[in-house]
4 protein chains.
Amino acid sequence: MPATSPAPRRARSGNRRDEAARLAVLHAADDLLVEHGFGALTIEAIARRAGVAKQTIYRWWPSKVEILLDTLIEDSEKRLPVPAEKATAEIIRGYLRDFERFLNGDPAGRVLLAIIAEAQHDPGTAKNFHERYLGPRRERERAMLVRATDVGEISPKLDPDATIDALVGPIVYCALTGSSIPGSVLDTLFEDLLRPR
Amino acid sequence: MPATSPAPRRARSGNRRDEAARLAVLHAADDLLVEHGFGALTIEAIARRAGVAKQTIYRWWPSKVEILLDTLIEDSEKRLPVPAEKATAEIIRGYLRDFERFLNGDPAGRVLLAIIAEAQHDPGTAKNFHERYLGPRRERERAMLVRATDVGEISPKLDPDATIDALVGPIVYCALTGSSIPGSVLDTLFEDLLRPR
Amino acid sequence: MPATSPAPRRARSGNRRDEAARLAVLHAADDLLVEHGFGALTIEAIARRAGVAKQTIYRWWPSKVEILLDTLIEDSEKRLPVPAEKATAEIIRGYLRDFERFLNGDPAGRVLLAIIAEAQHDPGTAKNFHERYLGPRRERERAMLVRATDVGEISPKLDPDATIDALVGPIVYCALTGSSIPGSVLDTLFEDLLRPR
Amino acid sequence: MPATSPAPRRARSGNRRDEAARLAVLHAADDLLVEHGFGALTIEAIARRAGVAKQTIYRWWPSKVEILLDTLIEDSEKRLPVPAEKATAEIIRGYLRDFERFLNGDPAGRVLLAIIAEAQHDPGTAKNFHERYLGPRRERERAMLVRATDVGEISPKLDPDATIDALVGPIVYCALTGSSIPGSVLDTLFEDLLRPR
DNA sequence: CGATAAGCGAGACGGTACGTCAGGTCTTGTG
DNA sequence: CACAAGACCTGACGTACCGTCTCGCTTATCG
């Protein structure tokens, strides 16, 4: 009688990285940020909450912001993916609205704002933030715009990067100052800068 | 016979607030931020640098961000005043360009970015930042726009607040991400959103 | 009418050293050593027990052994003074017996043994132990012997230092190995090496 | 079919204890103690230096002091054997002088002092030290004295154990306090306590 | 004019978190 | 099954700042 399941059992630790610990840290950091704010986000608190040793954190992350960056990358991939297939004007408009909702409603959006903030205080954070998040994402946003332009869905007034800055800038700025940009304003900017067909 | 000068001399201490100490603290905070970044901006470092006792700082400022806020308010009044007299399209365009230069070139601009950042981490800071800086300044910016509109210099597509967010947002966002928005992009937004005569 | 007391009141802290904290640390260290052994004598434990901040300990003592050295010096001054007045054979014999009892019965004796031990592990400790305890005490012991010799109370076979080593050595050695030298043996060595009148 | 030997060659690992690893650990511990002092004697450092896994140490030794005890036992058997054949006064005197040289000159002597020290800090160490080193050695020293007494080589004033304490005590005490007892003093004690023929 | 009261530099104090090190346990994969 | 390797939790290390406090001084104000 042949081979019941391979019994994965518990393989909690060994000489390989412990996935459970990794996730516990990511979630602990996320939760602490959302529940008690960035001020409560200390390595000790994360370790305590995750049920993990401080050393385990220091072994795998150079700073607490890198932890946030990890959660941000994983979360924004799921919750705010850059549309990668067909690029219609409507899809782009939807992305902008999702972006606004992400920043003002989603816990992961709080993480993004916190990292932007921390990047002002520390050049190392700024560098990693660009290399690991902003850069790659901008790449895909630019590609989305170019595709839509090629297809004739939109005909932007400015070059792709400037266009993105002009559209995303107000959204982020409003989120940073605690307000939330109205959908109608978003629409006006969208119509105005992209001139959709 | 009209009283020889009151000889203010150095009044290093006494029973009234010591202006020299106040200025020393403001400058020390400013300098530390610019030279070594926000991470080096501790109360102890400010006190050390200013040659002042910690208690003197705690007596007059509730937190180190309030010190920055004080310097920001004084400095941006001097270096980036909101035009309050006549409001022509050209004056508004100049203000936007000055704003960009302020953020990316002036030490006081670094202070503003640092405070925006800190406001993400701490609600109290956010509140004070709005009440003491953002709010009053927005008031004057709005007034400037209204005046220009009334006079027929511009005819904005959006209501004043949305207009300001849409113009200032990209400038701030670019500064926050370490880049610097090109003048040409600024001009396009300006033309587009304000439709100057 | 001779001036009622100058009202010392409580002056618990200020910009001068806090005597209460100093004593709390000394006692905490002492107690921990006696109750849980040298292994439990960590700076953190001392601070915890004394109700004192770690920094307060580091401010005044370079190492935990120096704390022990402080208690040892204060305590052995009280509990095992070197006879400084008249020096008869009987007084010297009494001192030797007291020394044995100090090492094997008194908590302060445990402190002495612990410091001797720690001096084996760390040259700095050895140096301080000699300069602050062993040296000055040996001085007084030597003086006691010389005085007794001059008066004709004893006529030692060896020079003073060798005599002390020969008498104290067995006492300390037995204490270190957990046994306790019999009084009769002490008497034999005493008679033999000092040849009292 | 030539049945070449089973090629034992280097049997670095397998299912029996690896003698090379055992020796590497003992030597690493010894070297570290001599070169950098007891403070540098950590399990991790020993493992590093011996090129051995920590687990290998924990598998065979309950504590680092037991490692030292192992080296001490092996070394002092070779370098400071208790004379077991004929016991003349001269041989005993030589043993005392060798003992003094062992403590003050031989690396293995440093190990003995370190263990004595550590025994003050930890009762478990004290117990093992007595059972594995002090006890058996004292046995042989006592036997040596008894033999010499029976033969009439010496006629000690005190019982064997007290005699040994009285002779060895000053030697050890001087070594512990960093000085070194003069040979002449040793001779005086020897003559005085043993009264050799 | 002398008492009072406040601001000041200085710095000790009880704390929290930092980033590092070692302890001792456990698991993996190799020989 | 012993071993090298090394991840893991625990807890102490010594340091930096936090925000509060007392000290001894100087100086303006007021009775």
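Chain letters run A, B, ... following the sequence lines, proteins first, then strands; residues in each count from 1.
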What residues in residues 40-55 of chain D put a non-hydrogen atom under 4.0 Å from any atom of DNA chain E?
-> D:T42, D:I43, D:E44, D:K54, D:Q55
Salt bridge (Lys or Arg N to Asp or Glu O under 4.0 Å) contacts touching residues 115-130 of chain C (sequence neighbours left out) | C:K127-C:E131
Can a cation-pi geometry be assigned to A:R16 and A:W60, taking NZ or CZ under 6.0 Å from the six-membered ring centre and within 45° of the ring axis?
-> no
Rounding to a whole Å, what distance do you find between D:W60:CH2 and F:dC1:P?
-> 12 Å
Ionic contact status for A:R132 with A:D70, cut-off 4.0 Å | yes
Can you sort out the partners of C:A45 under side chain to side chain contact (heavy atoms under 4.5 Å, CB included), two or more places apart, ordered by chain and number?
-> C:L32, C:T42, C:R48
Should the pair B:R110-B:E35 be classified as a salt bridge under the 4.0 Å nitrogen-to-oxygen rule?
-> no
Write down the distance between CZ (C:R16) and P (E:dG11), rounded to a whole number of angstrom.
-> 9 Å
Any residue of residues 19-38 of chain B with a heavy atom less than 4.0 Å from an atom of DNA chain E = none
Give the rounded distance in Å between these two atoms: CD1 of B:I57 and P of F:dC17.
-> 13 Å
Side chain to side chain contact (heavy atoms under 4.5 Å, CB included) filter on B:H130, not counting sequence neighbours, yields A:T177, B:L134
Could you pick out which residue, A:R17 or D:R17, lies toward the 5' side of DNA chain F when each is mapped onto its nearest nucleotide?
-> D:R17
Using side-chain hydrogen bond (donor to acceptor under 3.5 Å, both in side chains) as the criterion, list what pairs up with C:K54, not counting sequence neighbours.
-> C:E44
C:Y58 side-chain proximity, nearest of F:dC13, E:dG14, F:dA7 = F:dC13
